[in-house]
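Step one of this worksheet: look at the structure below.
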Amino acid sequence: MHADLSRLTFRPERHYSAVVAQQGRVQLDADANEQTAIQLHQARTLAADLIGPYGGPSGATGFRIEYVGGRHDIDTLYIHGGRYYVNGIPLDADRPAPGVPVPAAGDAEDADGTGTDGAAPPAFWTYWDQPDGFRDPEKPGDRLPSPAQSPFVVYLTVWERAVGAAEDPVLREVALGAAMPDTAARVKVVWQVLPLSLGELAIEESDPSTEAVRAAFDRWAAAQAAPSARLAARSERPDHADEDPCLVKPDARYRGPENQLYRVEVHAGGPAKDATFKWSRENGSVVFPVDELDGTWVQLASLGYDATLDLDVGDHVEFTDTGYASRLAALPLLRVEELDLPGRRVRLSAEPAPGVGRLPHLHPFLRRWDHHEGPKRKGRTSTLHQGAVRLEEGAWLPLEDGVEVYFAQGGTYRTGDHWIVPARTATGSVEWPTDPARRPLLEGPAGIVRSFAPLALVKGEAGAVDLRLAFGPLAAAVPAADAAALAAEEQAGRQERAAEADAGAAPEGDK
């Protein structure tokens, strides 16, 4: 998650059940966040064990899919309300009812909540207005396949992302004043209803059974959810360390003057030859809300709170908004060319991509990344492609201040996957797992964790075949005891009372 964190300490293999605060100790964000992670892990594991990979409560199962095409200008899906669980994560498909405003002078009171025109709001989401889908009818790749040519599967993809005050201004406590940073961030569960062709599931039949579709989908989902990319990190005393001022220990391998949480994130996905990455020493948490875009000039709502968290000429930034952040779209990173500090404006190296950041309700913002196209180090130059660093496997790639990363060979990379590398001045090193010989271990991404569930097989005019699963309640009525059990219970009671009477009637000497 993109948030201003010290580090992330939750490791399920350690089997910790709780974080215990101690009196008189410093309170850290990592401790509180680990407690939250432990509770989420326990709750979701229990739900997944009881429910299975996906399912909904009987009578309230959400995400029923209805295909609507032909008579409409563009095909769509109706996504009906209810609840559903995917890998233990609860999802809610109910569409919130709109609020009823106070009527203006002379208007009739809207008592039924249907709006001034009397039209009731839809009780379901559609494929085009689902809350986190951000599908665009103008993009051919976003349109639904034609079921007349071949049936297709409708499925759920579920993942989580961090949301701060730049994307949701309601999170900011205005009483603290504009000069103060925001407080806690939030983690949002993102669900998206998307189409998938039978060819992508390796199904050759034109009319497969529901069991065959579910089995093929589960194989596809397992391959999608398991990332093949792996990374290792280390700190090495750079060749130019003797030229540095004495701000750190002379033998320190990490040469930075401050503790940092480095984030290495895949920008453009695909095989290694096409993939790029970006990195941030602040876990990608340095963001600037955008008030207005005028060509290459961007008007910011506020600047950074100090020199470390501000913008400078030469910085690379990601101009995006809530919609594109939810789409996990790899937009070109732009370079800051000019600053107008009194006017809170920056000039970028190019105009942002069309359709990005133009709608205020999607809360456009700039996210700063800290890589640069640097000088030649260890025989390599950090060359950039669309503002991001070209990914190279099988070699140690320097970031800065002695921090280096290594991508294992043979990986396939997905936009948004990331690794977290804490760097500490107290040890002059980075925190990364090693083997007994102190060799850094290759690790899979810390996120994004993706989950999937099939919803329906759309056959066009023939309708949609439901692929969802449902479960009933565990509770049931207590069964009444049968006559034999009642008789045995009464006999046992009589024997117990007789034994007590015999003990009371025995002579005093015999007791």
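Listed by first and then second residue, the salt bridge (charged side-chain N to carboxylate O under 4.0 Å, His left out) pairs involving residues 408-419 are R414-D417, D417-R450 (not counting sequence neighbours). Screening residues 274-300 for salt bridge (charged side-chain N to carboxylate O under 4.0 Å, His left out), with sequence neighbours left out, gives E265-K278, K278-E318, R281-D370, R281-E400, D291-R344. Within the structure, every pair that satisfies the side chain to side chain donor-acceptor pair (under 3.5 Å) test and touches residues 42-56, not counting sequence neighbours, is listed here: R44-E160, Y54-D218.
Contact of the V317 side chain with the F365 side chain is not registered, since no non-hydrogen atoms from C-beta on lie closer than 4.5 Å. A 4.5 Å side-chain heavy-atom check between P422 and Q260 finds every atom pair outside the cut-off. A heavy-atom distance below 4.5 Å is found between the side chains of L399 and V264. With contacts defined as side-chain heavy-atom distances shorter than 4.5 Å, the pair P147/K459 does not qualify. No side-chain heavy atom of Y406 sits less than 4.5 Å from a side-chain heavy atom of L397. Proximity of V86 to P53: side-chain heavy atoms (C-beta onward) are nowhere separated by under 4.5 Å. Residues V189 and I89 form a side-chain contact, since some pair of their non-hydrogen atoms from C-beta on lies under 4.5 Å apart. With a 4.5 Å cut-off on side-chain heavy atoms, F471 and P57 count as touching.
Residues R11 and E443 are not paired through a salt bridge, judged by the lack of any N-O separation under 4.0 Å between the basic side chain and the carboxylate. Here R390 does not pair with E392 in a salt bridge; the nearest charged N to carboxylate O distance is not below 4.0 Å.
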**OP:** Determine, stepwise, if the pair T76 / Y78 fulfils side-chain contact (heavy atoms from CB on, under 4.5 Å).
**Re:** CA-CA 7 Å; T76 188; Y78 290 168; 4.2 Å; yes

**OP:** With side-chain contact (heavy atoms from CB on, under 4.5 Å) as the test, would you mind laying out the steps for V298 and V346 before giving the verdict?
**Re:** CA-CA 5 Å; V298 179; V346 298; 3.9 Å; yes

**OP:** For the pair F10 and N33, evaluate side-chain contact (heavy atoms from CB on, under 4.5 Å) and give the outcome as yes or no after the intermediate values.
**Re:** CA-CA 8 Å; F10 173 66; N33 293 335; over 6 Å; no

**OP:** With side-chain contact (heavy atoms from CB on, under 4.5 Å) as the test, would you mind laying out the steps for I79 and F63 before giving the verdict?
**Re:** CA-CA 5 Å; I79 306 167; F63 294 93; 3.8 Å; yes

**OP:** List the steps and the verdict of side chain to side chain donor-acceptor pair (under 3.5 Å) for R335 and H316.
**Re:** CA-CA 4 Å; R335 188 176 183 272; H316 283 87; 5.2 Å; no

Original post:
Taking it one step at a time, do Q35 and Y16 satisfy side chain to side chain donor-acceptor pair (under 3.5 Å)?
Top reply: CA-CA 9 Å; Q35 177 62 54; Y16 294 148; over 6 Å; no

**OP:** Go through the steps for R230 and E393 under the test salt bridge (Lys or Arg N to Asp or Glu O under 4.0 Å), then give the verdict.
**Re:** CA-CA 10 Å; R230 294 180 298 161; E393 294 181 332; over 6 Å; no

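Judged by distance alone, the side chain of E34 and the main-chain N or O of D31 form no donor-acceptor pair under 3.5 Å. The backbone N or O of G387 lies less than 3.5 Å from a partner atom in the side chain of H371, making a donor-acceptor pair. Remark: side-chain polar atoms of Y85 are not paired, donor with acceptor, to backbone N or O of L91 under 3.5 angstrom. A donor-acceptor contact shorter than 3.5 Å links the side chain of T322 to the backbone of L362. One N or O on the side chain of T415 and one on the backbone of H267 form a donor-acceptor pair closer than 3.5 Å. Here the side chain of D321 pairs a donor or acceptor atom with the backbone of G357 at under 3.5 angstrom. A distance-only check finds no donor-acceptor pair linking the side chain of Q299 to the backbone of L293 [under 3.5 Å]. In this structure, the side chain of W279 does not engage the main chain of Y262 through any donor-acceptor pair within 3.5 Å. No donor-acceptor pair closer than 3.5 Å links the side chain of N283 to the backbone N or O of S285. A side-chain donor-acceptor contact under 3.5 Å links S228 to the backbone of T412.
Checked against side-chain contact (heavy atoms from CB on, under 4.5 Å), V449 has no partners two or more places apart in sequence or in another chain. In this view, R135 and D142 satisfy the salt bridge (charged side-chain N to carboxylate O under 4.0 Å, His left out) rule, not counting sequence neighbours. In this structure R83 satisfies the salt bridge (charged side-chain N to carboxylate O under 4.0 Å, His left out) test with no other residue, sequence neighbours excluded.
Taking the six-membered ring for Trp and thresholds of 30 and 60 degrees, F152 and Y67 have ring planes more than 60 degrees apart, a perpendicular arrangement. Ring geometry, W220 versus F217: the interplanar angle falls from 30° to 60°, so the pair is classed tilted.
W125 and D94 get closest at one heavy-atom pair: NE1-O, 3.7 Å. Taking all atoms of both residues into account, the shortest heavy-atom contact from V421 to W432 is CG2-CZ3, 3.9 Å. Between M1 and A162, the shortest heavy-atom distance links the atoms CB-CB, 3.4 Å. In terms of heavy atoms, T320 sits closest to V356 at CA-CG1, 3.9 Å. Pairing each heavy atom of A48 with each of N87, the nearest pair is CB-C, 3.9 Å. Listed here is the closest heavy atom pair of D315 and D310: OD2-O, 4.1 Å.
Atom CH2 in W128 sits 9.5 Å away from atom CG in L77 (nearest 0.5 Å). Here the CD atom belonging to Q224 is positioned 7.5 Å from the OH atom belonging to Y155, to the nearest 0.5 angstrom. For the atom pair NE2 (H418) and OG (S280), the distance works out to 12.0 Å, reported to the nearest 0.5 Å. Atom CG of residue L469 and atom OG1 of residue T61 lie 9.5 Å apart, to the nearest 0.5 angstrom. Between the CG atom of D4 and the CG atom of L309 there is a distance of 7.0 Å, given to the nearest 0.5 Å. Note: L457 CG to R214 CZ = 10.5 Å, rounded to the nearest 0.5 Å.
E200 and S197 form a side-chain donor-acceptor contact under 3.5 Å, judged by distance and modelled atom types alone. There is no side-chain donor-acceptor pair under 3.5 Å between Q192 and Y127.
Environment of NZ in K188: sparse, with no more than 12 heavy atoms of neighbouring residues, nucleotides or ligands closer than 6.0 Å.
The ring-ring contact (aromatic ring centres under 6.0 Å, His included) test with F277 singles out one residue from W419, F407, W369, and that residue is F407.
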